2 protein chains.
Amino acid sequence: MSERNITADRRTLGFLLRQPYERLQREVYGGLAARGFPDIRPAHSAVFRHIAARGSRLTALAEQAGMTKQSMAYLVEGLAEGGYVATAPDPQDGRARLVKLTARGRRVWDALIALSAEAEARIAARVGPARLAELRAILEELAEG
Amino acid sequence: MSERNITADRRTLGFLLRQPYERLQREVYGGLAARGFPDIRPAHSAVFRHIAARGSRLTALAEQAGMTKQSMAYLVEGLAEGGYVATAPDPQDGRARLVKLTARGRRVWDALIALSAEAEARIAARVGPARLAELRAILEELAEG
DNA sequence: CGATATAGACAGATAATCTGTCTATCTGTC
DNA sequence: GACAGATAGACAGATTATCTGTCTATATCG
């Protein structure tokens with residue numbers, strides 16, 4: 001390895017992807033804390049991203065987020081304690097409970113969208129909207145393959 | 001929020017960045033496991049990325065990785081148990097110890113570089129080298145600002 | 001020499017995941 | 001209608017990756 005380290009010649013793509021990702025997260029979840037939701041953490045996005053307006057089953061949320069039911073149950077439990085979601089029995093299936101956003105949860109959902117858009121607008125301001133659109137296009141392309 | 005969820009209209013940039021990042025990580029650390037290093041986890045990259053050939057201080061590694069000394073000590077401890085790094089007193093400073101890659105650690109370092117390059121080559125094969133270069137360029141630009 | 005800063009070890013906490021096991025409930029087949 | 005097997009999700013416990021706070025040893029500066 002001589003005198004070099006991994007990042008000396010050329011940063012790995014993983015490194016380059018992680019940096020803006022973590023910055024976005026800091027901005028969005030910092031903003032959420034500033035808006036009065038300090039107990040919402042990045043992991044909770046797994047819930048907010050997929051939850052349906054009528055309520056979602058724990059199992060469905062876990063599957064959509066690509067994690068175990070147990071892990072999702074842990075996240076939902078935290079959100080329920082904070083009053084962001086409430087669970088109710090599923091009238092269609094006695095085994096299941098439906099997890100649904102409360103009014104407070106919907107405010108977080110709105111804030112998440114607004115803060116994401118703001119963070120993205122800041123990037124557009126820095127590198128130009130064309131450059132950002134290009135980035136989006138390549139990442140969408142990558143997501144498909 | 002009507003019938004939609006966050007990802008319905010337009011995926012957040014954070015979501016788009018996370019996907020390829022996690023895929024890369026799976027590929028690289030899966031490949032590392034296949035090459036006989038199953039105990040090297042993504043978090044260990046914080047050590048491999050910055051460690052100097054002559055050895056690095058724990059404090060320096062922690063600072064470069066942007067984490068606490070305690071967290072870095074935990075990572076280094078795991079690597080030392082696996083025989084990837086060894087620590088020795090710093091002759092220049094009696095308080096300090098130098099963390100250095102062993103021969104086995106250098107093999108991991110080499111594998112990390114090779115696997116990262118391979119993963120990147122697979123992306124180039126999928127979207128074209130020009131597209132990948134564009135992605136890199138935008139991400140480098142983002143990293144500066 | 002003494003004050004202060006630094007290196008890093010130790011103790012303990014927390015977040016975010018996992019596996020494994022268990023009960024309740026549903027559904028399809030005989 | 002009963003029973004077998006699948007599914008929903010709760011409970012127990014473990015692991016990984018981080019943190020804060022405190023402590024000792026050593027260095028350095030005035």
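Values in this document were obtained by computation on a predicted structure and should not be read as measured data. Chain letters run A, B, ... following the sequence lines, proteins first, then strands; residues in each count from 1.
- For B:E63, the CD atom is loosely surrounded, since the number of other residues' heavy atoms within 6.0 Å does not exceed 12.
- Rounded to whole Å, atom C1' of C:dT17 lies 9 Å from atom CG of A:L75.
- Between A:L58 atom CG and C:dA24 atom P there is a gap of 18 Å when expressed in whole angstrom units.
- In this model, a donor atom of one side chain and an acceptor atom of the other lie less than 3.5 Å apart for B:Y21 and B:Q25.
- Contacts between residues 82-98 of chain B and DNA chain D, counted as heavy-atom distances below 4.0 Å, involve B:D93, B:G94, B:R95.
- At a cut-off of 3.5 angstrom, counting only N and O atoms as typed in the model, there is no donor on one side facing an acceptor on the other between the side-chain of A:Q70 and the base of D:dG13.
- Judged by distance alone, the side chain of A:T102 and the main-chain N or O of A:G83 form a donor-acceptor pair under 3.5 Å.
- Distance, B:I40 CD1 to D:dT15 P: 18 Å, rounded to whole Å.
- Counting non-hydrogen atoms of other residues, nucleotides and ligands closer than 6.0 Å to CD of B:E118 gives a total above 12.
- Checked against C:dG8, D:dT18, D:dA8, the side chain of A:R57 finds its nearest nucleotide in D:dA8.
- The shortest distance between side-chain heavy atoms of A:V108 and A:L101 does not fall below 4.5 Å.
- With B:L142 as reference, A:R126 is the one residue of A:R23, A:Q19, A:R126 to meet the side chain to side chain contact (heavy atoms under 4.5 Å, CB included) rule.
- Both B:M72 and B:K69 lie close to DNA chain D; mapped to their nearest nucleotides by heavy-atom distance, the more 5′-ward contact belongs to B:M72.
- Pairing partner, C:dC30: D:dG1, with both Watson-Crick or wobble hydrogen-bond distances short of 3.5 Å.
- Contact check of residues 30-37 of chain A against DNA chain C (heavy atom, cut-off under 4.0 Å) returns no residues at all.
- For C:dG8, the base has no donor-acceptor partner in the side chain of B:E77 [N/O atoms by modelled type, under 3.5 angstrom].
- In this structure, B:Y74 places its OH atom 22 Å from P of D:dG21, rounding to the nearest Å.
- The side chain of B:M67 lies closest to D:dC19 when the candidates are C:dG8, D:dC19, D:dA8.
- Across all strands shown, A:T59 has heavy atoms under 4.0 Å from sugar-phosphate atoms exclusively, and none from any base.
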